[in-house]
Amino acid sequence: MTALGDLPAWAAFLVAFCVLLGAAVTLIGSIGLLRLSNFYARVHAPTLGATLGMVSILLGSAFYFTMLEGRPVVHEILIAVFVTLTTPVTLMLLARAALYRDRTEGSTEVPASEVVEDLIPPGQERPKERMP
Amino acid sequence: MSALGFLGWAIVAAQVMLGLAMCCATFRLATGPRAQDRILGLDTLYVTAMLMLVTFGIRTGSTLYFEAALVIGLLGFVSTVALAKFLMRGEVIE
């Protein structure tokens, strides 16, 4: 079943700790996805697994293969960099799409969109109310 | 219990936890009240499956699973972006 190679005891315990920690954090994030009440709360929960869980499991994997092969094996960094770069992009896009859908339906639970002409350009102060 | 035996059991326990996490994501994918909840469940499912493949790689000691995990990460990004674009605009390529 398992084909674990020869590792010193401390390395095995370190890999086991990293993998268990990552899996537990990912499970907590998914339970949050299941139990939180609305979409804007739920969109935060899985990022627990996409950041700390992912980094912890990949560290365990990189350390395991480094000890197993006797040379530095760091190709897990590829996955880590890629997931770290793409997760914010996808979730921002998804949250903007959800906000757009809620506003289009006239939902009162999301803040209304700002009109661009009402925004103050940077460096200017808010104009005083003029009396007619 | 030897250290390697402990590592084997730890990996099995981690896989069970990741499997439960995938079940949670699948439940949200199946019953999410709106479309954005389903897409969020799909994204979580992708990330968790990628981590599951990495633990399979540790268990078997082969680096083949790493490449599969990399492909899953790439495809998950593309699919979630495409689905979010579809929700926003009604079509993917304009």
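Lettering follows sequence order; numbering is per chain, from 1. Values below: all heavy atoms of this structure, side chains included; hydrogens, waters and symmetry mates excluded.
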Problem - Heavy-atom pairs under 4.5 Å with chain B, option from Leu99(A), Leu93(A), Thr86(A) with the top count - result: Thr86(A)
Problem - Region of Leu21(A) in contact with chain B, defined by heavy-atom distances below 4.5 Å - result: neither
Exercise for the section: Nearest 0.5 Å please: distance from the CD atom of Gln15(B) over to the CG atom of Leu53(B). Expected result: 9.5 Å
Completion exercise
In terms of heavy-atom pairs under 4.5 Å with chain B, the winner among Gly22(A), Ala24(A), Gly53(A) is Ala24(A)
Exercise for the section: Using a cut-off of under 4.5 Å on heavy-atom pairs, state which of Thr80(B), Leu70(B), Val47(B), Leu20(B) scores highest against chain A. Expected result: Leu70(B)
Problem - Main-chain N/O of Met52(B) paired to Thr55(B) side chain as donor or acceptor, under 3.5 Å - result: yes
Problem - Exam field: side chain Arg28(B) to backbone Leu33(A), donor-acceptor pair closer than 3.5 Å - result: yes
Problem - Contact winner vs chain A - Leu83(B), Leu45(B), Leu74(B), Thr31(B), heavy-atom pairs under 4.5 Å - result: Leu74(B)
Completion exercise
Note: vs chain A, highest number of non-hydrogen pairs under 4.5 angstrom among Ala35(B), Cys24(B), Gly76(B), Gly57(B) is Cys24(B)
Problem - Ser56(A) side-chain N/O to Cys18(A) backbone N/O, donor-acceptor pair under 3.5 Å - result: yes
Problem - chain A contacts, top residue of Ser62(B), Gly41(B), Ala69(B) (heavy-atom pairs, under 4.5 Å) - result: Ser62(B)
Handout entry: Lys/Arg-Asp/Glu bridge criterion (N-O < 4.0 Å) met for Arg42(A), Asp37(B)
Key = yes
Practice task
Give, as side chain, backbone, both or neither, the part of Val83(A) having an atom under 4.5 angstrom from any heavy atom of chain B.
Solution key: side chain
Completion exercise
Note: vs chain A, highest number of non-hydrogen pairs under 4.5 angstrom among Leu18(B), Leu51(B), Val16(B) is Leu51(B)
Handout entry: Leading residue by heavy atom contact count with chain B [cutoff under 4.5 Å; candidates Glu69(A), Glu105(A), Arg35(A)]
Key = Glu105(A)
Practice task
Determine yes or no for a side-chain-to-main-chain donor-acceptor pair under 3.5 angstrom, with Thr44(B) supplying the side chain and Pro46(A) the backbone.
Solution key: no
Exercise for the section: Verify, without hydrogens or angle tests, whether Ser61(A) (side chain) and Ile57(A) (backbone) share a donor-acceptor contact under 3.5 angstrom. Expected result: no
Exercise for the section: Side chain from CB out, backbone as N, CA, C, O: work out which of these in Phe39(A) comes under 4.5 Å of a heavy atom of chain B, or both, or neither. Expected result: both
Handout entry: Which atoms of Arg34(B) approach chain A - backbone, side chain, both or neither, heavy atom under 4.5 Å
Key = side chain
Problem - Geometric class of the Phe66(B)/His75(A) ring pair [parallel <30°, tilted 30-60°, perpendicular >60°] - result: parallel
Problem - Contact leader toward chain A among Leu40(B), Val54(B), Ile39(B), Leu87(B), where contacts are heavy-atom pairs under 4.5 Å - result: Leu40(B)
Practice task
Determine yes or no for a side-chain-to-main-chain donor-acceptor pair under 3.5 angstrom, with Thr87(A) supplying the side chain and Thr84(A) the backbone.
Solution key: no
